[in-house]
Amino acid sequence: MIFSPVDPSDVDGAVPLGVDDGGSPPTEATPGPHPYPTLGPSTPGQAPTVATDTVQPSLGPPTETRPSPGPLAEALPTLGPPSDPPTGLPAAAAGVEEPQRPPLGRRMAVVARFAASLLFLVGTATLLGWSIKHSLTADPTAVRLAQEVAESAGPAAVAPRTSLPPQDNVVDLPDVRGSDRDEALAILTEAGLSGDAVKVKEVAWVPPAGQVVEQSPAPGTDNPESVELSISKKATAPKLVRAKEDAAVTTLETLGATAEISREYRAGTEPGIVLAQEPAEGAELTESVKVTISEAGVPVPLDKLETAGSSYGCGSGTVTVNSIDRDAALTCTVSPGDEAETNEYVLAGQHGQFRATLLVSSDSQLGQQARVTVRTEAGEIASQSVGVGSEVPIEGDITGAQRLYIAIAPTSADSSLSTDGVQVGLVDAEVLTSPDVAEQLNGD
């Protein structure tokens with residue numbers, strides 16, 4: 001059945017419901033045996049009448065029988081429950097008919113409008129979702145807010161973060177060295193480190209005290225689990241004398257001080273040993289400590305030194321020992337009963353050691369001997385006797401001395417020996433001095 005939105009009463013010339021074309025009054029209906037009519041005869045064996053046994057389904061309780069409408073009323077049925085079939089119709093016309101469908105064009109138009117609406121809704125939802133995702137991905141703050149809102153709603157509302165990168169809270173460890181303790185702690189707290197993550201220890205250090213002198217890990221470390229600060233306390237100068245150079249420098253560095261190194265040759269000491277320090281051991285430590293380190297001496301030939309006086313019977317020359325000629329920086333010929341021949345050299349406090357080899361010429365008469373004595377203004381440093389054909393080493397410390405004296409005298413009093421004397425020579429005679437002094441003397 002097709003429902004029309006047009007009211008039959010609004011149609012020009014329409015006949016009101018309840019009056020047929022013939023103008024004859026409707027036949028009064030006789031109620032059937034059942035309160036609701038069925039799709040068949042009301043009584044077995046009895047043919048249905050036009051007025052009562054109509055094959056018309058009913059959607060509710062029986063209604064009052066109305067007069068049969070005219071032909072126009074059949075063409076324009078009204079909305080509402082189906083009414084009783086009109087009277088005067090044959091029994092075959094009172095059967096149930098299938099509802100009529102709308103025309104095909106109208107149905108296609110409805111389907112097209114529905115499909116267009118559906119496509120519009122799907123496109124709008126897709127565009128809206130892409131915009132939200134793009135804004136969340138581009139704004140880390142929005143990501144965090146969205147996650148917090150989802151987590152507060154419960155586990156079921158938390159969506160997996162598979163397409164959004166996590167937002168890390170990176171702590172870049174600041175450099176607090178040189179700050180006092182309280183200032184350093186405040187800086188670290190502001191950077192995101194809790195008080196439990198910061199450890200403090202005191203270390204002896206160059207004044208002033210109470211400052212951060214070291215931190216571990218190094219500044220710039222990302223997300224450190226903990227930080228250890230070394231706070232300075234009063235330190236005194238350690239003992240450095242007789243220590244090796246490397247050990248002394250390391251000791252000062254662990255206290256925050258530096259070594260101001262000078263080098264000096266000193267006889268009898270191993271090179272690379274601390275000879276002196278300033279400030280002294282136990283004094284208040286300063287940022288710079290003067291350290292004197294021993295160094296190996298550089299040899300300078302004896303004839304390179306300036307002479308302050310020499311004996312008449314002495315000079316440089318060649319001494320023959322066992323048929324071998326040896327170059328001597330100093331040779332002297334002495335005879336029994338003669339006084340010692342003395343030679344004087346200028347040291348000026350720049351040298352540390354004297355060394356030479358003594359020998360007596362083989363041309364001398366057997367049995368003759370001589371004695372060589374080496375001294376400074378402070379006293380004798382070495383003395384040695386030597387006989388014909390012999391070689392004897394001699395050495396002595398001349399550190400800080402201003403003058404060097406070498407005296408050669410005969411030791412034999414036997415008058416039967418030759419009066420020609422004995423020739424004594426100093427072979428490989430030299431002084432050891434600092435490199436800079438040696439460069440000056442050897443360069444002359």
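Reckoned from all heavy atoms, side chains included, excluding hydrogens, waters and symmetry mates.
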**Student:** Assess, by modelled atom type and distance only, whether the side chains of Arg371 and Ser383 contain a donor and an acceptor separated by less than 3.5 Å.
**Tutor:**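 Per modelled atom types, Arg371 and Ser383 side chains form a pair under 3.5 Å.
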**Student:** Do other residues, nucleotides or ligands put more than 12 heavy atoms under 6.0 Å from Glu306 CD?
**Tutor:**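 Atom CD in Glu306 is not crowded, with 12 or fewer foreign heavy atoms closer than 6.0 Å.
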**Student:** Restricting to pairs with a member in residues 364-410, which pass disulfide bond (SG atoms under 2.5 Å apart), not counting sequence neighbours?
**Tutor:**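 Output for this query is empty, none listed.
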**Student:** Exactly one of Gln353, His351, Glu295 should register a side chain to side chain donor-acceptor pair (under 3.5 Å) with Tyr265. Which one does?
**Tutor:**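 Passing option: Gln353.
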**Student:** After noting the C-alpha distance and the side-chain angles of Val203 and Ile231, does the key distance pass the side chain to side chain contact (heavy atoms under 4.5 Å, CB included) rule?
**Tutor:** CA-CA 6 Å; Val203 294; Ile231 309 298; over 6 Å; no
**Student:** Please name all residues satisfying side chain to side chain donor-acceptor pair (under 3.5 Å) with Gln350, sequence neighbours left out, ordered by chain then number.
**Tutor:**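 Side chain to side chain donor-acceptor pair (under 3.5 Å) check on Gln350 returns nothing, list empty.
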**Student:** Give a yes or no answer on whether the side chain of Ser117 reaches the backbone of Arg113 with a donor-acceptor pair at less than 3.5 Å.
**Tutor:**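 Between the backbone of Arg113 and the side chain of Ser117 there is a qualifying donor-acceptor contact (under 3.5 Å).
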**Student:** Between the side chains of Asp175 and Arg177, is the shortest nitrogen-to-carboxylate-oxygen separation below 4.0 Å, so that they form an ion pair?
**Tutor:**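 A salt bridge is present here (some side-chain N lies under 4.0 Å from a carboxylate O).
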**Student:** Pick from Ile406, Leu358, Thr357: which one makes a side chain to side chain contact (heavy atoms under 4.5 Å, CB included) with Ile394?
**Tutor:**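 Exactly one option meets the side chain to side chain contact (heavy atoms under 4.5 Å, CB included) with Ile394, and it is Leu358.
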**Student:** My understanding is that only residues two or more places apart in sequence, or in another chain, count here; which of them pass side chain to side chain donor-acceptor pair (under 3.5 Å) with Gln215?
**Tutor:**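 Not a single residue meets the side chain to side chain donor-acceptor pair (under 3.5 Å) criterion with Gln215.
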**Student:** Can you find a pair of side-chain heavy atoms, one from Leu432 and one from Arg355, that are under 4.5 Å apart?
**Tutor:**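 Yes; the side chains approach each other to less than 4.5 Å.
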**Student:** With a 4.5 Å cut-off on side-chain heavy atoms, are Gln402 and Leu347 touching?
**Tutor:**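 With C-beta onward as the side chain, the pair stays apart.
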**Student:** Go through the side-chain N and O atoms of Asp196 and Ser194 and say whether any donor and acceptor fall under 3.5 Å apart.
**Tutor:**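 Not at all, the side chains of Asp196 and Ser194 share no donor-acceptor pair under 3.5 Å.
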**Student:** More than 12 heavy atoms of other residues, nucleotides or ligands under 6.0 Å from CD of Glu380: is that the case?
**Tutor:**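 Yes, enclosed.
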**Student:** Applying side-chain hydrogen bond (donor to acceptor under 3.5 Å, both in side chains) as the test, list every pair that has at least one member in residues 315-328; sequence neighbours left out.
**Tutor:**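 The answer is Thr320-Asp325, Arg326-Glu391.
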**Student:** Do Lys244 and Ile273 come close enough that some side-chain heavy atom pair is under 4.5 Å?
**Tutor:**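 In contact.
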**Student:** Please list all pairs passing the disulfide bond (SG atoms under 2.5 Å apart) test where one or both residues lie in residues 270-341, with sequence neighbours left out.
**Tutor:**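 Only Cys314-Cys332 qualify under disulfide bond (SG atoms under 2.5 Å apart).
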**Student:** Could you tell me if the side chain of Ile398 sits less than 4.5 Å from the side chain of Val431, heavy atoms only?
**Tutor:**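 Sidechains of Ile398 and Val431: in contact.
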**Student:** Report the C-alpha separation of Leu285 and Leu255 in whole Å, then their side-chain angles, then the decisive distance to 0.1 Å, and conclude whether the side chain to side chain contact (heavy atoms under 4.5 Å, CB included) test is met.
**Tutor:** CA-CA 9 Å; Leu285 184 63; Leu255 298 174; 3.6 Å; yes
**Student:** Working to the nearest 0.5 angstrom, can you tell me the gap between Thr292 OG1 and Glu260 CD?
**Tutor:**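 CD of Glu260 is found 9.5 Å from OG1 of Thr292.
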**Student:** Using the rule given for side chain to side chain contact (heavy atoms under 4.5 Å, CB included), can you reason through Val291 versus Leu252, listing the C-alpha separation, both sets of side-chain angles and the distance that settles it, and then say yes or no?
**Tutor:** CA-CA 11 Å; Val291 179; Leu252 291 176; 4.2 Å; yes
**Student:** Side chain to side chain contact (heavy atoms under 4.5 Å, CB included), that's the test. Do Ile293 and Leu275 meet it? Break it down for me.
**Tutor:** CA-CA 6 Å; Ile293 306 295; Leu275 301 176; over 6 Å; no
**Student:** Under 4.0 Å between a Lys/Arg side-chain N and an Asp/Glu carboxylate O for Glu245 and Arg263?
**Tutor:**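 Judged by the 4.0 Å cut-off on N to carboxylate O distance, Glu245 and Arg263 do form a salt bridge.
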**Student:** Under 4.5 Å between any side-chain heavy atoms of Thr221 and Val227, yes or no?
**Tutor:**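 Side-chain contact under 4.5 Å: no.
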**Student:** Checking Glu281 now: which residues fulfil side chain to side chain donor-acceptor pair (under 3.5 Å) with it, not counting sequence neighbours?
**Tutor:**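 So Glu281 forms no side chain to side chain donor-acceptor pair (under 3.5 Å) with any residue.
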